[in-house]
Amino acid sequence: MSLLEIGDLDVRYGRRHVLRSVSLSIAPGEAVGVIGETGSGKSTLARSVLGLVRPSAGRIVIDGTDIVGLSARQWRELRRRGVVQYVFQDPLRSLDPDLTVFESVAEPLRIRGASEINDKVHHTLARVRLEPALSDRLPAELSGGQRQRVAVARALITAPRLVLLDEPVSALDSANRVQILELLKELRDSGTALLFISHDLGSVAGVADRIAVLYQGEIVEDRPAAEVVNEPAHAYTRLLVGSAPTLRSAAAGRAARAALRDLVNLEGAPA
Ligand SMILES: Nc1ncnc2c1ncn2[C@@H]1O[C@H](COP(=O)(O)OP(=O)(O)OP(=O)(O)O)[C@@H](O)[C@H]1O
Ligand SMILES: [Mg+2]
């Protein structure tokens with residue numbers, strides 16, 4: 001059974017139709033990337049899975065529970081089960097500015113009344129390669145990369161089965177980006193399912209088993225990552241492959257230019 005099953009999901013903001021019949025599933029332990037340009041609906045998809053956006057149609061089944069239309073009490077119950085945790089782009093906004101690193105990482109455990117909190121926090125800080133000496137610092141006293149590690153540690157500490165990441169490395173410099181991506185690979189290899197959302201195919205390609213491409217609110221391809229990178233089917237994907245710095249080659253550059261022409265034609269065509 002899928003850990004996450006999204007079926008025919010429609011989301012509208014007022015009259016604007018942002019997600020159209022989106023279907024996506026993630027098996028236990030599977031790392032799925034979602035890529036798409038700005039405004040394509042990636043964060044809306046993430047927010048829908050976290051129950052922060054109310055879909056106008058479709059279903060979102062997490063570990064057997066359809067979350068569309070759950071009551072507040074049912075949500076609390078689902079949260080207690082701790083199936084899903086999340087990491088967003090901007091850790092400065094997702095971390096409480098008044099909590100030290102230690103307190104931030106310990107908080108999800110305290111909420112659940114866990115035991116041996118000290119040991120678990122230290123173990124998790126080591127896992128994300130944060131020096132114990134940073135435990136007493138506030139978010140404002142950390143670098144961007146250190147902050148994002150704190151956010152990842154918070155997401156890991158309760159051992160969720162699925163971690164949802166919305167642009168987790170977009171705000172980081174390249175050295176920090178590489179380190180967080182390595183961390184995500186380790187997480188995947190340890191059997192945690194990932195939903196990794198990014199506009200950057202290069203970041204997703206090394207982590208995801210499968211990549212779904214979101215284009216103007218629709219999934220236009222959803223295939224094994226290597227296939228998407230090596231034989232991109234949709235014009236938008238070809239453009240991404242051609243413009244990803246880590247994937248770039250002369251052939252990719254030609255593919256990108258051809259894709260750009262196709263896209264101009266596509267967008268110019270009547271809907
Ligand atoms: N709360 C909201 N109310 C109205 N429109 C919204 C709201 N949030 C997002 N939108 C619109 O919905 C569309 C999809 O937004 P979304 O944030 O999901 O895109 P995204 O793919 O995450 O983009 P980015 O790569 O820039 O983060 C955009 O056109 C955006 O302007
Ligand atoms: Mg977004």
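Ligands are counted one by one from 1 in listed order, and the atoms in each one are counted from 1 as well.
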Test log, rule salt bridge (Lys or Arg N to Asp or Glu O under 4.0 Å), inputs Arg81 and Asp63: CA-CA 10 Å; Arg81 264 161 57 202; Asp63 195 28; 3.3 Å; yes
Contacting atoms of ligand 1, where contact means under 4.0 angstrom from a heavy atom of Glu37: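 Heavy-atom distances to Glu37 below 4.0 Å select 21 (O).
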Non-neighbouring partners of Glu221 that pass salt bridge (Lys or Arg N to Asp or Glu O under 4.0 Å), sequence neighbours left out: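 Salt bridge (Lys or Arg N to Asp or Glu O under 4.0 Å) check on Glu221 returns Arg223.
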Considering only the protein, which heavy-atom contact is closest to [atom], and what is its distance?
| atom | answer |
| --- | --- |
| atom 27 (O) of ligand 1 | Ser43 OG, 3.9 Å |
| atom 26 (O) of ligand 1 | Thr38 OG1, 2.5 Å |
| atom 18 (O) of ligand 1 | Thr44 OG1, 2.5 Å |
| atom 9 (C) of ligand 1 | Tyr13 CE1, 3.4 Å |

Separation of [Y] [atom2] from [X] [atom1] (nearest 0.5 Å):
| X | Y | atom1 | atom2 | answer |
| --- | --- | --- | --- | --- |
| Asp166 | Leu45 | CG | CG | 9.0 Å |
| Leu9 | Ser21 | CG | OG | 8.5 Å |
| Ile35 | Tyr215 | CD1 | OH | 13.0 Å |
| Arg112 | Glu107 | CZ | CD | 12.0 Å |
| Leu130 | Leu125 | CG | CG | 5.5 Å |

Arg149 and Glu131: CA distance, side-chain angles, deciding distance, salt bridge (Lys or Arg N to Asp or Glu O under 4.0 Å) verdict: CA-CA 11 Å; Arg149 275 171 232 224; Glu131 299 287 321; over 6 Å; no
Taking N or O atoms only and a 3.5 Å limit, does [X] qualify as a polar contact for ligand 1?
| X | answer |
| --- | --- |
| Gly41 | yes |
| Arg16 | yes |
| Gly39 | yes |

From CA spacing to verdict: side chain to side chain donor-acceptor pair (under 3.5 Å), Gln74, Ser71: CA-CA 5 Å; Gln74 289 167 315; Ser71 68; 3.2 Å; yes
Of the listed options Lys42, His199, Gln216, closest to atom 25 (O) of ligand 1 (non-hydrogen atoms):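 When every heavy atom of Lys42, His199, Gln216 is considered, Lys42 comes closest to atom 25 (O) of ligand 1.
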Near the Mg ion (ligand 2) (under 2.8 Å) - protein N, O or S atoms: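 The answer, once waters are left aside, is Ser43 OG.
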Residue pair Glu103, Arg110: steps toward the salt bridge (Lys or Arg N to Asp or Glu O under 4.0 Å) verdict: CA-CA 9 Å; Glu103 289 304 326; Arg110 292 204 202 286; 3.3 Å; yes
